[in-house]
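Heads up, the thing below is written out as structure tokens.
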Amino acid sequence: MNTHAWDLSPQDAIALQKQWADRVVLCDEFDEVRFVAGVDVGFEENNKVTRAAIAVLSFPSLQLVESALVKQPTRYPYIPGLLSFREMPAILAAYSTLRTIPDLLLCDGQGVAHPRRLGIASHLGVWLDKPAIGVGKSRLVGQYGPVPDVRGSWVALVDKGEEVGAVLRSRQNVKPIFISPGHKISIDSAIKWTMACTTRFKLPETTRHAHHIASNLK
DNA sequence: GCGACAG
DNA sequence: ATCTTGTCGC
């Protein structure tokens with residue numbers, strides 16, 4: 001069988017996460033944002049095939065300007081806390097085909113709201129040295145209180161006494177989403193930029209486009 | 001040992 | 001993530 005740089009034992013993967021977590025930058029390190037990208041991954045054939053999609057949108061108009069889709073064999077199982085080892089190879093392959101380089105990434109999943117502070121948004125952000133935000137539909141770690149049912153309101157997500165992100169009401173009457181910095185962005189800015197990419201739906205337009213592309217539908 | 005657990 | 005139609009509510 002062929003080996004792969006991403007084929008790490010869970011133990012080694014965890015060790016790598018602990019080391020890379022130190023490289024995550026939690027303050028804003030970017031200027032003008034002209035393009036924002038949504039990253040999403042889907043599976044088919046009973047998880048045998050991984051589909052990674054990236055949608056690049058103009059900002060602030062949020063119009064789709066470019067999209068990428070890559071399919072490749074799945075080679076790592078889903079293990080909570082090790083998601084990036086399963087999805088990043090395909091994501092990087094898709095990213096490498098882009099002609100329009102985005103200034104900010106919004107990834108499905110968590111950023112530093114992760115057991116070892118290196119969720120997929122952080123891993124990807126550090127790898128690409130690009131500002132990134134983790135946008136999750138559910139919680140991996142952290143505690144939080146009631147989120148006011150008013151669009152834009154949010155409460156802190158705290159893990160082990162550390163503020164790692166926010167639970168954001170991106171839309172009224174809908175379950176909130178879990179925002180956390182991936183890389184080169186603060187929690188406050190992550191919330192701000194996520195809202196700036198969100199129109200009338202629960203998820204940011206970036207994520208919605210990427211999800212649509214990664215989906216098999218047409 | 002038991003329960004939790006992104007996609 | 002994925003299997004899947006209609007249906008209830010703002």
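From a predicted model like this one, the values you see are computed outputs, not experimental measurements. Within every chain, numbering begins at 1; the chains are lettered A, B, ... in the order of the sequence lines, protein sequences first and strands thereafter. All heavy atoms count here, side chains included; hydrogens, waters and symmetry mates do not.
Nucleic acid contact class of I91(A) (heavy atoms, under 4.0 Å, all strands): none. Heavy atoms of G134(A) sit nowhere under 4.0 angstrom from any nucleic acid atom. Using a 4.0 Å heavy-atom criterion, one finds that G119(A) contacts the bases of the nucleic acid, with or without backbone contacts as well.
Side-chain contact of E66(A) with T100(A): a donor-acceptor pair under 3.5 Å is present, judged by distance alone. Side-chain contact annotation: E205(A) with T199(A), donor-acceptor N/O pair under 3.5 Å present.
Nucleotide dG7(B) holds its C1' atom 13 Å from the CG atom of L203(A), rounded to whole Å. For the pair E44(A) CD and dT2(C) P, the computed distance is 9 Å after rounding to whole Å. Rounded to an integer number of Å, the gap from K48(A) NZ to dA1(C) P is 19 Å. Atom CG in L157(A) sits about 14 Å away from atom C1' in dC5(B), given to the nearest Å. Taking atom CD1 on I79(A) and atom P on dA1(C), their separation rounds to 18 Å, with Å as the unit. Summarising the geometry, the separation between NZ on K160(A) and P on dC5(B) is reported as 15 Å, rounded to the nearest angstrom. At whole-Å resolution of the value, CE in M88(A) and P in dA1(C) are 19 Å apart. Between the NZ atom of K202(A) and the C1' atom of dC10(C) there is a distance of 16 Å, rounded to whole Å.
Closest to the side chain of R51(A), from the set dT2(C), dG7(B), dC5(B), is dT2(C). In this structure, of dA6(B), dA4(B), dC10(C), it is dA4(B) that holds the atom nearest to the side chain of R139(A). When distances run from any side-chain atom of D108(A) to the nucleotides dG7(B), dC10(C), dA6(B), the shortest one goes to dG7(B).
Side-chain nitrogen and oxygen atoms of H211(A) include at least one within less than 4.0 Å of the OP1 or OP2 phosphate oxygen of dA1(C). Applying the 4.0 Å criterion to OP1 and OP2 of dA6(B), one finds that K137(A) has every side-chain N and O outside that range. Under 4.0 angstrom from either OP1 or OP2 of dC5(B) there lies no side-chain N or O belonging to S138(A).
Put simply, F178(A) does not rest on the base of dA6(B): the two rings are not both less than 5.5 Å apart at their centres and under 30° in tilt.
Note that R75(A) lies outside the cation-pi zone of F85(A), set by a 6.0 Å cut-off to the ring centre and a 45° limit from the axis.
Here the closest non-hydrogen pair linking I101(A) and L98(A) is CD1-O, 4.1 Å.
Ring pair F30(A)/W193(A) is perpendicular by interplanar angle, where above 60° counts as perpendicular and below 30° as parallel.
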